[in-house]
There are 2 protein chains.
Amino acid sequence: MTAPAPIPGEREPLGRRDYEKELRDAGVRITRPRRTILRILSETDDHPDALEIYRRAIRTDPSLSLSTVYRTMKLLEDRGAIQRHAFAGGPARFEQDHGAHHDHLIDIDTGDVIEFTSDKIEALQDEIARSLGYDIVHHRLELYGRKRRKR
Amino acid sequence: MTAPAPIPGEREPLGRRDYEKELRDAGVRITRPRRTILRILSETDDHPDALEIYRRAIRTDPSLSLSTVYRTMKLLEDRGAIQRHAFAGGPARFEQDHGAHHDHLIDIDTGDVIEFTSDKIEALQDEIARSLGYDIVHHRLELYGRKRRKR
DNA sequence: CTTTTAATTGCAAATAATTTGCAATTGCAT
DNA sequence: ATGCAATTGCAAATTATTTGCAATTAAAAG
Ligand SMILES: [Mn+2]
Ligand SMILES: [Mn+2]
Ligand SMILES: [Zn+2]
Ligand SMILES: [Zn+2]
């Protein structure tokens, strides 16, 4: 089983991290479940929870267990390969860490998750923390909103 | 048993909401457990979780149950009497709703919770949501930080 | 103050999300 | 190919919270 050659014309985001290599180099074994889960995370642009990742995973590897999904998410989080989110109410949801930080707007009617960034807000947060004598290690900003009624 | 007369000199925050009356007027029965819990919430300025509220409550009423704490928190939340927070990791934590919105900075070493407000950030959030076609219904902003090392 | 009755409570059991112990399996360095 | 620690699947345990139900009680009515 050779790695598929890059298909010309197929958009492969430049600079996409090679998690498999990163993990291997860090001394982490690349097992079938881990490869499956990594692929699922790389193929999606939404924010699936553990159960959803599990459902998608068993389509490829029916013997893979939910425990392994949880264990793998923890491993990937510790390695900085993914981000874990805990949106209001529901279970933890995950997404690949693409390097660039962003925050989320959740549509309270549909559950849709929209990503956004704001350098201004990030700067203000730093400023506030500093004025309180703190350095921010991480933060969480979630906007819960409803689509604006048509004019 | 008459209500204690206001003690002159005793600082009774002006405009503090009379939750007992508000609830009674809304048709909610004022029971012993509820009175106990309301008093605990009014006496603290931290953010206790259900178990901590329970522990404080049974000092006054040993028969009060944890179930009732949970049920009461839900009732108070629905009535807008308290705010429920879900800081990273731990169980839900509560605080009386004093009307003025604020956000939190959590000291990741000590667990201390520091409150702050920023009109600028609030305004930016509205602006961002609007630009995405949304109206904010509520939001969550938590800064997790570490005390700045003495320069 | 007694009666009346629906709201409320305590307790135990149920849920939901996640974690963990352990024996069997497997990646991967020799 | 071999050896063994890392990893996995499964079941059971944990943590936080919710719920069914019979007993209790707040407060409306008399
Ligand atoms: Mn995201
Ligand atoms: Mn607060
Ligand atoms: Zn941010
Ligand atoms: Zn805010």
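All values reported here derive from a predicted model rather than from experimental measurement. Chain letters run A, B, ... following the sequence lines, proteins first and then strands; every chain starts at 1.
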Using heavy atoms to find the nearest nucleotide of DNA chain D for A:Val69 and B:Ala92 separately, return the residue whose nucleotide is more 5′.
-> A:Val69
For atom [atom1] of [X] and atom [atom2] of [N], their distance in whole Å:
X       : N      : atom1 : atom2 : result
B:Glu77 : D:dT17 : CD    : C1'   : 13 Å
B:Ile37 : C:dT8  : CD1   : P     : 13 Å
B:Asp78 : C:dT8  : CG    : P     : 13 Å
B:Met73 : D:dA16 : CE    : C1'   : 14 Å

Taking 4.0 angstrom as the limit, do [X] and [Y] come out as a salt bridge?
X        : Y        : result
A:Glu77  : A:Arg79  : no
B:Asp49  : B:Arg93  : no
A:Arg146 : A:Asp109 : yes
A:Asp25  : A:Lys21  : yes
A:Arg55  : A:Glu52  : yes

Which letter, B, S or -, goes with each nucleotide of nucleotides 18-30 of chain D from 5' to 3', with contact meaning a protein heavy atom under 4.0 Å?
-> BBB----BBS---
DNA chain D-proximal residues of residues 46-65 of chain A, any heavy atom under 4.0 Å =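 Result for residues 46-65 of chain A: A:Ser63, A:Leu64, A:Ser65, sorted by number.
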Residues A:Ala86 and B:Arg140: closest non-hydrogen pair is O-NH2, 2.6 Å
If only atom types and distance count, is the side chain of A:Thr44 paired as donor or acceptor with the main-chain N or O of A:Ile40 below 3.5 Å?
->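 Checking the backbone N and O of A:Ile40 against the side chain of A:Thr44, no donor-acceptor pair under 3.5 Å is found.
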What does the inter-axis angle of the helix from C:dC1-D:dG30 to C:dT30-D:dA1 come out as, five pairs per end, nearest 10 degrees?
-> 30°
With heavy-atom distances below 4.5 Å as the criterion, would you say the side chains of [X] and [Y] are in contact?
X        : Y        : answer
B:Leu75  : B:Arg34  : yes
B:Ser131 : B:Glu127 : no
A:His104 : A:His47  : yes
B:Gln125 : B:Lys120 : no

